[in-house]
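In what follows, a structure is listed as structure tokens, so that the remarks can point back to it.
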Amino acid sequence: PSEPINVVVTGAAGQIAYSLLYQLAAGSVFGPNQPINLRLLDIPVMMTVLDGVIMELEDLALPLLREITPTTDPNVAFKNVAAAFLVGSMPRKEGMERKDLLAANAEIFKVQGKALDQHARKDVKVLVVGNPANTNAWICSHHAPSIPKENFTAMTRLDQNRAQAALAARLNVSVDKVKNVIIWGNHSSTQYPDAAHATVNVQGSTKPVPSVVNDDNWLNITFVEKIQKRGAAVISARKMSSAMSAAKAAGDHMRDWWIGTKPGEWVSMGVLSDGSYGIPRDIVFSFPVAIENGQYKIVQELQINDFARSKLSNTSKELEEERTEANNVLQN
Ligand code: NAX
């Protein structure tokens, strides 16, 4: 039996964590043979709620779940963690500008970056879910100089899962038949959901999605907008943001990073740009990646046409602007 690993979830009393914690305890992320100790970070007013979540975790009666540590102190939460789910962040309140949101979160992710730097394992895998996820991941990594920059990632897997499901529905196949759809860029409305390289398995043979859909207008406009606006559609119907699907996507992201992707398949993750596809360096940009032995590699040499190029530069521009804003607030 392997030794337990320490896993931290921030925003542990919130709605995404509520669905995520079950997956962690059940072994669907780190595998059925990996025991875990959970470190649950939230803010002081949420500690009573967190007590209730812990009671439920105990009542799951799941054997992989060992110690559970609730805390408001990042220095406790990040001690020797092997994996970090940074879900907690300041939600956008009425009348709040995007800038104010970024400023409030820059401070949170600076503090957590420093705590990771001081306390986490140097090979810790960090997944940022809290928005603005890409820029929060960037801020966090910049405050954790002793941890490799590639260990900081941002979640665009929910967008990928949404895109895969939308294509499967359009093609009237089950979701597992659709592969290699890509989310490029920011987890925001400028993201580019790209089906140009996706494949669909129809009656045992693998075909390119664009030729089977055979409707460029749908793929370039309807599909792209549907994915970009899906989060807003869920909020308007549910009066709360996506939580079950976001938690499942966070589990998918970390599981694939931990265990690897299948040969010939890739997934999308916000990772530090190394200049691939002409994207500016030093922003956390969602790329297609293939993963082996816990290391991801950006998938290279996909053809990028002019349409895709304009979408990529639009979303990378937004990320550069967010970086500038983050730098401004962090210097003050
Ligand atoms: P909730 O408001 O239900 O929960 C957030 C929790 O974080 C709260 O319990 C809060 O007290 C806690 N928190 C706030 N500041 C904290 C701090 N400094 N340290 C520790 N905990 C802190 O939000 P929820 O619906 O769970 O969403 C969490 C975040 O995920 C939001 O920022 C949301 O925008 C983001 N999302 C990101 C997605 C993605 O695809 N990357 C999709 C889903 C979601 O919208």
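Read the numbers this way: they start at 1 and go in the same order the structure lists the ligands and their atoms. Every value quoted in this text rests on a predicted model; they were computed, and no experiment measured them.
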Review point. Q112 heavy atoms, cut-off 4.0 Å: which ligand 1 atoms fall inside?
Key: 19 (N)

Practice item. Would you mind finding which of Q15, H253, M240 brings a heavy atom closest to atom 1 (P) of ligand 1? Key: Q15

Review point. In terms of the angle between their ring planes, are F85 and F30 parallel, tilted or perpendicular, with boundaries placed at 30° and 60°?
Key: perpendicular

Exercise for review: Do me a favour and list the nearest non-hydrogen protein atom to atom 5 (C) of ligand 1 with residue, atom name and distance?
Suggested key: G14 CA, 4.2 Å

Show me, pair by pair, the donor-acceptor contacts under 3.5 angstrom made by side chains of residues 209-223, not counting sequence neighbours?
residue, atom, partner, partner atom, Å
S211, OG, P208, O, 3.0
D215, OD1, N217, N, 3.3
D215, OD1, W218, N, 3.0

Review point. Are the side chain of T69 and the backbone of R39 linked by a donor-acceptor contact shorter than 3.5 Å?
Key: no

Check your understanding: Tell me: protein heavy atom nearest atom 42 (C) of ligand 1, and distance?
Key -> L158 CD2, 3.8 Å

Point to revise | Non-hydrogen atom of M90 closer than 4.0 Å to ligand 1 | key: no

Review point. Going by atom types only, do N186 and E322 share a side-chain donor-acceptor pair under 3.5 Å?
Key: yes

Exercise for review: List every atom of ligand 1 that sits less than 4.0 Å from any heavy atom of A246, numbering the atoms from 1 in the order shown and giving each element.
Suggested key: 43 (C)

Exercise for review: Starting from atom 30 (O) of ligand 1, locate the nearest protein heavy atom and write down its residue, its atom name and how far away it is, to 0.1 Å.
Suggested key: I16 CD1, 3.4 Å

Check your understanding: Under a 4.0 Å N-O cut-off, is there an ion pair linking R157 with D256?
Key -> yes

Check your understanding: Among protein heavy atoms, which sits nearest to atom 16 (C) of ligand 1, and what does the distance come to when rounded to 0.1 Å?
Key -> I43 CG2, 3.6 Å

Revision key, fill the gap. the protein heavy atom lying closest to atom 14 (C) of ligand 1 turns out to be S89 O, 3.5 Å

Exercise for review: Keeping the roles fixed (side chain from R281, backbone from D274), state whether a donor-acceptor pair exists under 3.5 Å.
Suggested key: yes

Review point. Considering N131, D42, T71, which one's heavy-atom position lies nearest to atom 12 (C) of ligand 1?
Key: D42

Point to revise | A13 heavy atom under 4.0 Å from ligand 1 | key: yes

Review point. Counting each atom of ligand 1 from 1 as listed, which ones have a heavy atom of S241 under 4.0 Å away?
Key: 25 (O)

Check your understanding: Is the side chain of H143 donor-acceptor paired with the backbone N or O of A115 at a distance under 3.5 Å, no angle test?
Key -> no

Review point. Is any N or O atom of M155, backbone or side chain, closer than 3.5 Å to an N or O atom of ligand 1?
Key: yes

**Study point:** Side-chain donor or acceptor of S28 paired with backbone N/O of Q23 under 3.5 Å
**Key:** yes

**Study point:** For atom 2 (O) of ligand 1, the protein heavy atom that lies nearest, with its residue and separation
**Key:** P91 CG, 4.9 Å

Check your understanding: Would you call the rings of W138 and H142 parallel, tilted or perpendicular, where under 30° means parallel and over 60° means perpendicular?
Key -> tilted

Exercise for review: Could you tell me whether atom 25 (O) of ligand 1 has a protein heavy atom closer than 4.0 Å?
Suggested key: yes

Check your understanding: With no hydrogens and no angle check, is any side-chain donor or acceptor of R238 less than 3.5 Å from a backbone partner on S241?
Key -> yes

Check your understanding: Short list, please: which atoms of ligand 1 are under 4.0 Å from a heavy atom of M46?
Key -> 9 (O), 11 (O)

Check your understanding: Can you check ring pair (Phe, Tyr, Trp, His ring centres under 6.0 Å) on Y277 and W184, steps first, answer last?
Key -> CA-CA 11 Å; Y277 296 99; W184 299 97; 5.1 Å; yes

Exercise for review: Taking N134 for its side chain and H187 for its backbone only, find out whether a donor-acceptor pair lies under 3.5 Å.
Suggested key: yes

Check your understanding: Can you tell me the protein heavy atom closest to atom 28 (C) of ligand 1 and the distance?
Key -> V87 O, 3.3 Å

Point to revise | Identity of the nearest option to atom 38 (C) of ligand 1, non-hydrogen atoms only, from R162, Q160, H187, R157 | key: H187

Review point. Mind checking whether F152 and I147 have side chains closer than 4.5 Å, heavy atoms only?
Key: yes

Point to revise | Nearest-neighbour protein heavy atom for atom 21 (N) of ligand 1, which is reported as residue plus atom name and distance | key: G11 N, 3.4 Å

Study note, to complete from the structure: Ranking D159, I108, V9 by closest non-hydrogen atom to atom 18 (N) of ligand 1, top hit is I108

Review point. Which of the numbered atoms in ligand 1 are below 4.0 angstrom from a heavy atom of S242?
Key: 43 (C)

